[in-house]
Chemist: 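Handing you this structure, nothing more for now.
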2 protein chains.
Amino acid sequence: MPDQRAAANAPAATLPTEPERMTPRDVVIVGGGFAGLACARRLGRSGLSVTVIDRSNHHLFQPLLYQVATAALSPADIAEPIRRILGRFPSVEVLMAEVVGVDVEARRVRLADGNPIAYRRLVLAPGSRYDYFGHTDWEASAPGLKTIDDARRIRSRVLMNFETAEASLDPAEQERLMTTVVVGGGPTGVEMAGALAELARWTLARDFRHIDPTTARILLVEAGPRLLGGFPEPLGDYARRRLEGLGVTVLTGTPVEDIRPDGITLGGEDLPVGMVVWGAGVRANPAAAWIGVEPADRSGRVRVGPDLSVPGHPEIHVLGDAALAEEDGRPLPGLAQVAKQQGEYLGTVLPALVAGDGTAPPFHFKDRGNTAVIGRNAAVFDFGRRQLKGRFAWLLWAIVHVYLLVGFEKRLLVALQWLWRYFTYQRGARIIR
Amino acid sequence: MPDQRAAANAPAATLPTEPERMTPRDVVIVGGGFAGLACARRLGRSGLSVTVIDRSNHHLFQPLLYQVATAALSPADIAEPIRRILGRFPSVEVLMAEVVGVDVEARRVRLADGNPIAYRRLVLAPGSRYDYFGHTDWEASAPGLKTIDDARRIRSRVLMNFETAEASLDPAEQERLMTTVVVGGGPTGVEMAGALAELARWTLARDFRHIDPTTARILLVEAGPRLLGGFPEPLGDYARRRLEGLGVTVLTGTPVEDIRPDGITLGGEDLPVGMVVWGAGVRANPAAAWIGVEPADRSGRVRVGPDLSVPGHPEIHVLGDAALAEEDGRPLPGLAQVAKQQGEYLGTVLPALVAGDGTAPPFHFKDRGNTAVIGRNAAVFDFGRRQLKGRFAWLLWAIVHVYLLVGFEKRLLVALQWLWRYFTYQRGARIIR
């Protein structure tokens with residue numbers, strides 16, 4: 001390694017980082033989401049040198065992102081700097097950088113800044129983004145909800161539509177601006193539609209003089225036969241009833257035919273709309289392309305074995321939304337708890353694997369129950385054999401989500417804001433921009 | 001008024017807002033800052049029809065904006081929707097719009113959307129922005145701190161510079177990125193420099209592996225002979241000592257000669273810098289140009305009489321930073337408390353003025369004391385005859401600022417976050433973007 005020798009001869013102060021990037025790190029983790037972060041935390045006390053690479057500087061608690069998009073929480077309430085979370089582990093370093101590929105032979109991750117980083121073991125946990133089923137032009141008109149920027153953009157648009165409607169002198173334009181369509185009847189779509197309805201009906205109700213926010217139209221559109229397809233049917237029916245009770249128009253069996261900046265086509269009819277929020281398909285981030293393997297399914301995931309490694313590449317693991325891991329012949333769903341458990345599993349077994357101590361026991365997913373929230377006093381839980389819905393499910397949902405946040409301060413702040421909102425129907429983060 | 005008669009014949013639903021804009025409002029207030037908001041609140045129960053126009057949807061508590069820029073608070077903690085604050089007054093309406101001018105003869109405010117709004121009395125409280133003394137090209141490299149966007153941009157830049165330095169392999173580049181210059185030794189500059197120093201020395205101290213944030217250089221540059229020129233000299237000296245104790249390099253008597261995206265020229269020397277924050281000159285927003293009067297001073301303010309009206313235009317009042325109001329022959333300073341008291345005064349006397357009941361008693365400013373905060377346990381207060389500095393002043397500063405926030409929820413959230421920060425040295429809003 002000539003680079004390293006050169007560095008040894010140079011004055012210490014002039015080349016502080018060159019050797020680190022050329023000397024392989026024991027583990028390089030791409031992605032600071034649930035999977036990558038859980039893995040890094042487990043590895044924190046292992047003594048292995050670990051580098052976590054993420055495009056953004058923060059770990060985002062995505063399950064509550066819809067609350068940022070609907071002005072209930074601030075971005076900082078659900079985002080914690082990755083290097084703060086991992087700061088107490090001296091052998092773990094964090095790099096804010098964009099991965100552009102992997103040099104599998106040389107075992108190096110290529111970064112957008114041009115300086116590759118070498119690894120012994122590679123953990124890819126890059127997550128997923130929204131998929132527009134080939135209609136890439138829809139993305140500009142119908143933002144998905146994956147990042148803080150997405151949430152802020154949707155929040156600004158929602159609030160701005162009411163402002164523009166209030167200032168408009170054209171009733172047709174006012175009606176258009178107060179019509180919002182949410183595409184996708186899964187948990188994200190249900191949560192967004194419920195939160196938008198509550199925002200309009202309760203929070204904004206008395207603040208306007210020329211429009212009546214309680215008459216705002218919110219449509220939830222699902223191509224499949226019912227809402228919450230991943231849940232037992234009674235829970236999907238319950239979600240529909242509760243949403244309709246909030247004034248949401250639920251359209252199932254209705255595929256989207258076209259999306260334009262100010263309109264959507266459903267069932268052959270054009271509907272003028274103020275905003276479309278996309279929560280339908282999901283596509284894995286390009287781990288497969290980085291390492292040069294064929295994606296295992298249409299959503300671009302990488303097939304992994306029982307130890308979450310890529311067949312033929314025991315030194316590369318893929319976790320979370322980007323991985324197609326099967327158990328009992330069925331693929332595991334793209335859920336935060338799957339990602340987190342995979343990260344914890346790999347963080348536990350990796351030290352032995354790095355040391356070369358044979359193989360790891362297979363990963364086993366322990367289903368903690370699946371949940372979705374519709375609104376105030378209304379949520380559903382599916383524990384497999386048991387289901388829960390209503391006020392108690394909602395309380396449980398709130399407690400679980402406060403508990404899952406990283407950091408005591410964030411838990412306290414979110415809990416307080418929820419209590420405040422429960423009693424006042426107000427939302428604290430009504431900022432445009 | 002043909003428009004109104006046409007409206008009466010048309011179906012009610014088709015022309016809901018046209019008549020309102022053509023019928024003059026009793027009072028139109030431009031600006032939802034301290035002055036405009038205080039005025040609107042006082043007018044809320046007067047029965048007068050009032051319209052408040054602002055470019056943004058929120059009232060911003062600017063005295064704490066530096067805490068957003070330094071990742072201590074979230075934007076929503078110091079921003080409350082104007083229409084939410086005024087929602088309880090049915091005769092007050094809020095319009096989010098951009099004012100482009102005033103048709104003084106026809107008594108109409110021209111808006112960017114093309115539909116003017118008519119008034120009987122006009123209150124202009126558009127505030128001020130930063131002035132670059134003719135160097136408009138400096139603005140892009142050295143953002144001032146006036147809006148949420150400004151604060152978010154500075155926060156991203158500050159945090160991103162540390163991230164880029166950590167990832168950099170070039171020591172000179174690392175040093176540049178970790179050098180920040182604050183221009184202007186007034187309260188804003190002192191507060192920014194102190195907060196930046198605490199961020200680097202305490203909050204970020206242990207989170208990096210290739211750089212040492214505690215060695216970050218922060219320079220506070222002032223063209224005049226000392227810091228806090230508006231305060232008694234001992235308080236300026238105290239601020240300097242405390243800042244130097246935090247590791248800030250204070251350069252007084254040092255005018256800025258040039259600012260580039262990655263450097264600044266001071267005393268003929270070029271210094272490579274990661275960021276420059278501007279807190280020097282202030283310029284009134286263009287109320288003078290809107291109403292076609294000569295600005296009364298170099299910062300573009302409009303001279304107003306004892307009742308804050310514009311000479312020759314008793315129906316137009318100018319308040320806050322955009323007004324040059326004199327008392328005992330001395331112009332009132334551009335402070336939040338001046339703006340707020342002017343708004344309260346005008347809101348109290350306007351109903352009689354609108355009714356045509358003669359003249360109003362003159363405005364009198366009641367000085368509540370001037371304050372600036374340097375950092376943890378360090379603030380200064382100037383009460384005229386008495387001065388305060390140190391830990392007690394800091395505690396008083398914190399209590400006063402929590403109290404001055406709009407809304408109980410924001411007070412609670414800010415107080416909690418400050419308590420948390422006091423004990424942990426952490427900051428909750430370290431989000432890039």
Side-chain angles (χ1 to χ4, degrees), chain A residues 13-18 20-21 56-58 71 73-77 79-81 83-84 86-88 90 93-97 111 113 115 147-149 159-160 163-164 166-169 171 174 206-211 407-410 412-413 416-417 420 424 426 428-433, chain B residues 13-18 20-21 56-58 71 73-77 79-81 83-84 86-88 90 92-97 111 113 115 147-149 159-160 163-164 166-169 171 174 206-211 407 409-410 412-413 416-417 420 424 426 428-433:
Chain A
T14 58
L15 274 170
T17 51
E18 190 88 35
E20 263 104 340
R21 288 238 190 146
S56 64
N57 78 322
H58 51 266
L73 292 177
S74 278
D77 296 331
E80 184 78 356
R83 63 173 71 259
R84 156 106 188 91
L86 300 172
R88 68 192 131 124
E93 65 168 38
V94 177
L95 202 58
M96 184 176 163
L111 302 178
D113 76 357
N115 297 304
T147 67
I148 294 268
D149 265 351
L159 298 174
M160 194 65 207
E163 294 291 338
T164 312
E166 170 85 349
S168 171
L169 305 178
Q174 290 180 320
R206 295 190 314 167
D207 290 357
F208 293 82
R209 302 289 174 260
H210 304 283
I211 56 168
F408 177 74
E409 191 200 21
K410 297 211 182 303
L412 187 65
L413 290 174
L416 267 170
Q417 289 177 81
W420 185 258
T424 65
Q426 290 303 327
R430 277 169 57 187
I431 301 182
I432 294 179
R433 297 206 59 129
Chain B
T14 57
L15 274 169
T17 50
E18 191 87 36
E20 263 102 342
R21 288 236 190 148
S56 65
N57 78 321
H58 50 267
L73 292 176
S74 278
D77 296 330
E80 183 79 355
R83 62 171 74 257
R84 156 106 186 89
L86 300 172
R88 70 193 131 121
V92 178
E93 65 168 37
V94 178
L95 202 58
M96 183 176 163
L111 303 177
D113 75 357
N115 297 304
T147 66
I148 293 269
D149 265 351
L159 297 174
M160 193 67 207
E163 294 290 338
T164 312
E166 170 84 349
S168 171
L169 305 178
Q174 290 180 319
R206 296 188 313 167
D207 291 356
F208 292 82
R209 302 288 175 259
H210 304 284
I211 57 169
E409 191 199 22
K410 299 215 182 301
L412 187 65
L413 290 174
L416 266 170
Q417 290 177 80
W420 186 258
T424 65
Q426 290 303 326
R430 277 169 56 187
I431 300 183
I432 295 179
R433 295 208 57 127

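Below, chain A is the first sequence line, B the second, and so on; all start at residue 1. Any value given below was found using the heavy atoms of this structure, including those in side chains, with hydrogens, waters and symmetry copies removed.
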Chemist: Heavy-atom distance under 4.5 Å to chain B: side chain of A:Ala97, backbone, both or neither?
Modeler: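 No part of A:Ala97 comes within 4.5 Å of chain B.
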Chemist: Mind checking whether A:His210 and B:Glu93 have side chains closer than 4.5 Å, heavy atoms only?
Modeler: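 They are in side-chain contact.
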Chemist: So, for B:Ile431 and A:Pro75, which heavy atoms are closest and what is the spacing to 0.1 Å?
Modeler: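 Closest heavy-atom pair between B:Ile431 and A:Pro75: CD1-C, 3.6 Å.
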Chemist: Measure across A:Ala76 and B:Gly428 and return the closest heavy-atom pair with its distance rounded to 0.1 Å.
Modeler: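 The pair with the smallest heavy-atom distance is CB-O, 3.5 Å.
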Chemist: Would you mind checking which part of B:Leu416 comes under 4.5 Å of any heavy atom in chain A, side chain (CB onward), backbone (N, CA, C, O), both or neither?
Modeler: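 Just its side chain gets close to chain A.
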Chemist: Under 3.5 Å, is there a donor-acceptor pair between the side chain of A:Arg209 and the main chain of B:Pro90?
Modeler: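 Yes; at least one donor-acceptor contact below 3.5 Å.
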Chemist: Do you know which of A:Met160, A:Glu80, A:His58, A:Gln426 has the most heavy-atom pairs under 4.5 Å to chain B?
Modeler: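 Highest number of pairs under 4.5 Å: A:Gln426.
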Chemist: For chain B, which of A:Val94, A:Ile148, A:Ile211, A:Leu413 has the most heavy-atom pairs under 4.5 Å?
Modeler: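 Looking at each of A:Val94, A:Ile148, A:Ile211, A:Leu413 in turn, A:Leu413 comes out on top.
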Chemist: B:Leu86 versus chain A, heavy atoms under 4.5 Å apart: side chain, backbone, both or neither?
Modeler: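 For B:Leu86, the backbone is the part near chain A, not the side chain.
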Chemist: For the atom pair CG (A:Leu95) and CD (B:Glu163), what is the distance rounded to the nearest 0.5 Å?
Modeler: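 So the CG of A:Leu95 and the CD of B:Glu163 are separated by 8.5 Å.
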Chemist: Spell out, as yes or no, whether a donor-acceptor pair under 3.5 Å connects the side chain of B:Asn57 to the backbone of A:Arg430.
Modeler: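 Answer holds: yes.
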Chemist: Select, from A:Pro81, A:Gly407, A:Gly87, A:Ala429, the one with the greatest count of heavy-atom pairs under 4.5 Å involving chain B.
Modeler: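 Heavy-atom pairs under 4.5 Å are most numerous for A:Pro81.
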Chemist: Got a donor-acceptor contact below 3.5 angstrom from the B:Arg83 side chain to the A:Asp207 backbone?
Modeler: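 Yes: the side chain of B:Arg83 pairs with the backbone of A:Asp207.
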Chemist: Can you find a pair of side-chain heavy atoms, one from A:Met96 and one from B:Ile432, that are under 4.5 Å apart?
Modeler: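 A:Met96 vs B:Ile432: side chains touch.
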Chemist: Give a yes or no on whether a salt bridge exists between A:Arg433 and B:Asp149, defined as a side-chain N under 4.0 angstrom from a carboxylate O.
Modeler: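 Looking at A:Arg433 and B:Asp149, the cut-off is met.
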